[in-house]
Every structure is written in structure tokens, then in C-alpha cells.
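Just follow the structure's listing: the first ligand is 1, and inside any ligand the first atom is 1.
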Amino acid sequence: MRLFHFAATAALCVILTGCSKAPGGASGAGGASSAAAAPTDAERQALLAALPAPYNTGDLLNGQSKFALCRSCHTITEGGPNMTGPNLHGVFGRKAGSKADYSYSSAVAAAGFTWDAEHLDKWLDNPRTYLPGTKMTFAGLHDPKDRIDLIAYLKVESGYKPPPT
Ligand code: HEC
């Protein structure tokens, strides 16, 4: 567990190209390795502000540090590879278990709903009780505030576009 923790932290540092930088301060960092245009800081803040409550109050820095728990299995960038789990770009508004180039468990493939913040909140609290039979071996993120921050981060980073008001 300690080893995993270390690996996750190290991965995050690589992504931030320097542990001292906040995600805000690291825009443009990553150079060639960060493929399709990641949002700029101003775009991140605008996206965050446009999210429905409570997600507009999400702490993106905490969300990013919680996403370190997911990075060993998921990428979130546009066109990022599937790993143990599917790439999460565009997951909001996507039918559960519907990414064509990924082989899901029947539990997720047959879930029948479309991912939104409410479904993700329940899923991330405890994937294996929410969709019994899933092959996502993640114990769950039990603090509701951590889930708000993580979902805000996922929305901002996964290419989600708020509906026009
Ligand atoms: C140990 C690997 C692992 C970790 C850690 C993990 N996942 Fe997953 N995830 C998977 C696998 C495998 C699946 C496919 C599940 C299935 O088909 O039953 C999946 C599926 C998903 C899905 C459904 C995607 C779709 O296309 O329907 C979402 C959303 C998701 N994970 C989000 C997360 C988030 C957010 C985290 C971090 C809090 C996380 N996962 C942590 C392995 C992981």
C-alpha cells in the first residue's frame, strides 16, 4: 500500500512537472507529452464556476490529488489510452460501459444509465456495491466532500461542456 501511494504521488509529480506547482500554475507544462489541448487556467476556472452546485464549489487541487487514486488505471486526456480501466475523457454524458474499444464487465455494460455527477457520486463511494460484479477493484472514496472535489476535477479535465443557459 505504501508502495502504491509512493508510485501514485510520483506519477502526479511527473504530471505536474514539479511537485511545487499547483495545477493552476502548471498550464502549458507537460509539453509534447500532454497531447490534445488541455484547458488553460482561465478555462478551468470558468468551467468550474459554470458547474451546478455543489460542484461549482469544488476544490480542484484536492480533486487532482484524489485523482491520483485513479491514475494507475485510468487516463483522462482526449485520446488517452485505456489501461486497466477505460479512458475517461468525455465520460459525462456517455452511457456506462459504452466505450467501443474497451471490454467491460457485464455489470457495467448492462448498467443502462448515462454517467452524470449523481451516478458518479454513488459509484465512487463504493463501486462494488453500486454495480455488483464490476471489475473495478477500487475500495471507494467515502468522504462526500472528496467526491465533490474529484467530480469537479473530472468535469473540468474530461472535456465536459456545461449546457448553455
Ligand atoms: C485498480 C484499477 C482501477 C482504479 C484504481 C480505478 N478504476 Fe475506474 N475502472 C476500472 C475498471 C477495470 C473499470 C471497468 C469496470 C467494469 O467493466 O466492470 C473501471 C470503470 C470506471 C468507470 C466507468 C467508465 C465507463 O466507460 O462506463 C468510471 C467512471 C471510473 N472507472 C472512474 C474511476 C475513478 C474516478 C477512479 C478513482 C477514484 C477509478 N475509476 C479508480 C479500474 C480502476
Student: For ligand 1, which atoms have a heavy atom of Leu88 less than 4.0 angstrom away?
Tutor: 28 (C), 29 (C), 30 (C), 32 (C)

Student: Taking the side chain as every heavy atom from C-beta outward, state whether Leu47 and Lys155 have any atom pair closer than 4.5 Å.
Tutor: no

Student: Consider every N or O of Tyr104 and every N or O of ligand 1, then say whether any pair is closer than 3.5 Å.
Tutor: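 Yes.
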
Student: Heavy-atom contact check, 4.0 Å cutoff: does Ala107 meet ligand 1?
Tutor: no

Student: To the nearest 0.5 Å, tell me how far Cys70 SG sits from Leu124 CG.
Tutor: 7.0 Å

Student: Among the heavy atoms of Thr84, does any lie under 4.0 Å from an atom of ligand 1?
Tutor: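 Under 4.0 Å: yes for Thr84.
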
Student: Which ligand 1 atoms are under 4.0 Å away from a heavy-atom of Lys135?
Tutor: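 Close to Lys135: 12 (C), 15 (C), 16 (C), 17 (O), 18 (O).
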
Student: Using a strict threshold of under 4.0 Å (side-chain N to carboxylate O), is an ion pair present between Asp149 and Arg147?
Tutor: no

Student: What part of Leu69, side chain, backbone, both or neither, has a heavy atom within less than 4.0 angstrom of ligand 1?
Tutor: backbone

Student: Hey, does Phe67 sit under 4.0 Å from ligand 1 if you only count heavy atoms?
Tutor: no

Student: Just to be sure I read this right, does ligand 1 sit under 4.0 Å from the backbone of Leu131, its side chain, both, or neither, counting only heavy atoms?
Tutor: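 No part of Leu131 is near ligand 1 at this cut-off.
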
Student: Any atoms of ligand 1 less than 4.0 Å from a non-hydrogen atom of Thr134? List them with their elements.
Tutor: 15 (C), 16 (C), 18 (O)

Student: Check whether the side chains of Lys99 and Asn87 place a donor and an acceptor atom closer than 3.5 Å, and report yes or no.
Tutor: no

Student: Within a radius of less than 6.0 Å around NZ of Lys145, do more than 12 heavy atoms belonging to other residues, nucleotides or ligands occur?
Tutor: yes

Student: Is the closest heavy-atom distance from Arg94 to ligand 1 below 4.0 Å?
Tutor: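 Contact check Arg94 vs ligand 1: positive.
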
Student: Quick one: look at Phe138 and ligand 1, take heavy-atom pairs under 4.0 Å, and tell me if it's side chain, backbone, both or neither.
Tutor: side chain

Student: Which atoms of ligand 1 sit under 4.0 Å from any heavy atom of Ser105?
Tutor: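 Near Ser105, the atoms of ligand 1 are 16 (C), 17 (O), 18 (O).
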
Student: Can you list the ligand 1 atoms lying under 4.0 Å from a non-hydrogen atom of Leu150?
Tutor: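 So the answer, numbered in order with elements, is 38 (C).
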
Student: So how far is it from Leu154 CG to Lys66 NZ, rounded to the nearest 0.5 Å?
Tutor: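 Spacing of CG (Leu154) from NZ (Lys66) equals 13.0 Å.
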
Student: Under 4.5 Å between any side-chain heavy atoms of Glu157 and Arg44, yes or no?
Tutor: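 Glu157 vs Arg44: side chains touch.
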
Student: Please confirm whether Leu120 approaches ligand 1 to less than 4.0 Å, judged on its heavy atoms.
Tutor: yes

Student: Give the atoms of ligand 1, by number and element, whose distance to some non-hydrogen atom of Ala96 is under 4.0 Å.
Tutor: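 Going through ligand 1 atom by atom, the ones under 4.0 Å from Ala96 are 27 (O).
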
Student: Have a look at Lys66, Met83, Lys95, His74 and point out the one with the heavy atom closest to atom 40 (N) of ligand 1.
Tutor: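 Comparing heavy atoms across Lys66, Met83, Lys95, His74, the nearest one to atom 40 (N) of ligand 1 lies in His74.
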
Student: Run the numbers for me: atoms of ligand 1, each under 4.0 Å from some heavy atom of Thr137, listed by number.
Tutor: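 Within the 4.0 Å cut-off of Thr137, ligand 1 contributes 1 (C).
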
Student: Considering only heavy atoms of Trp115, which atoms of ligand 1 have at least one such atom less than 4.0 Å away?
Tutor: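 Going through ligand 1 atom by atom, the ones under 4.0 Å from Trp115 are 23 (C), 24 (C), 25 (C), 27 (O).
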
Student: Within this structure, what is the NE2-CD1 distance for the pair His119 and Ile151, rounded to the nearest 0.5 Å?
Tutor: 12.0 Å

Student: If you define the side chain from C-beta out and look only at heavy atoms, does anything of Phe92 sit under 4.5 Å from Leu120?
Tutor: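 The answer is yes; the side chains approach within 4.5 Å.
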
Student: Using 2.8 Å as a strict upper limit, say whether an N, O or S atom of Cys70 approaches atom 8 (Fe) of ligand 1 that closely.
Tutor: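 Within the cut-off used here (under 2.8 Å), Cys70 places no N, O or S atom near atom 8 (Fe) of ligand 1.
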
Student: Find out whether His74 and Met83 are in side-chain contact, i.e. whether some heavy atom of one side chain is under 4.5 Å from a heavy atom of the other.
Tutor: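 Not touching, per the 4.5 Å side-chain cut-off.
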
Student: Which is closest to atom 43 (C) of ligand 1 by heavy-atom distance: Cys73, Gly140, Gly90, Ala68?
Tutor: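 Residue with the shortest heavy-atom distance to the ligand atom: Cys73.
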
Student: Do Lys122 and Tyr130 meet the cation-pi criteria used here (NZ or CZ under 6.0 Å from the six-membered ring centre, within 45° of the axis)?
Tutor: no

Student: Quick one: does NZ or CZ of Lys95 land under 6.0 Å from the six-membered ring centre of Phe113, within 45 degrees of the ring axis?
Tutor: no

Student: Within Met136, is some N, O or S atom less than 2.8 Å away from atom 8 (Fe) of ligand 1?
Tutor: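 Yes - counting backbone and side chain alike, Met136 has an N, O or S atom under 2.8 Å.
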
Student: Does any non-hydrogen side-chain atom of Leu88 lie less than 4.5 Å from one of Phe67?
Tutor: yes

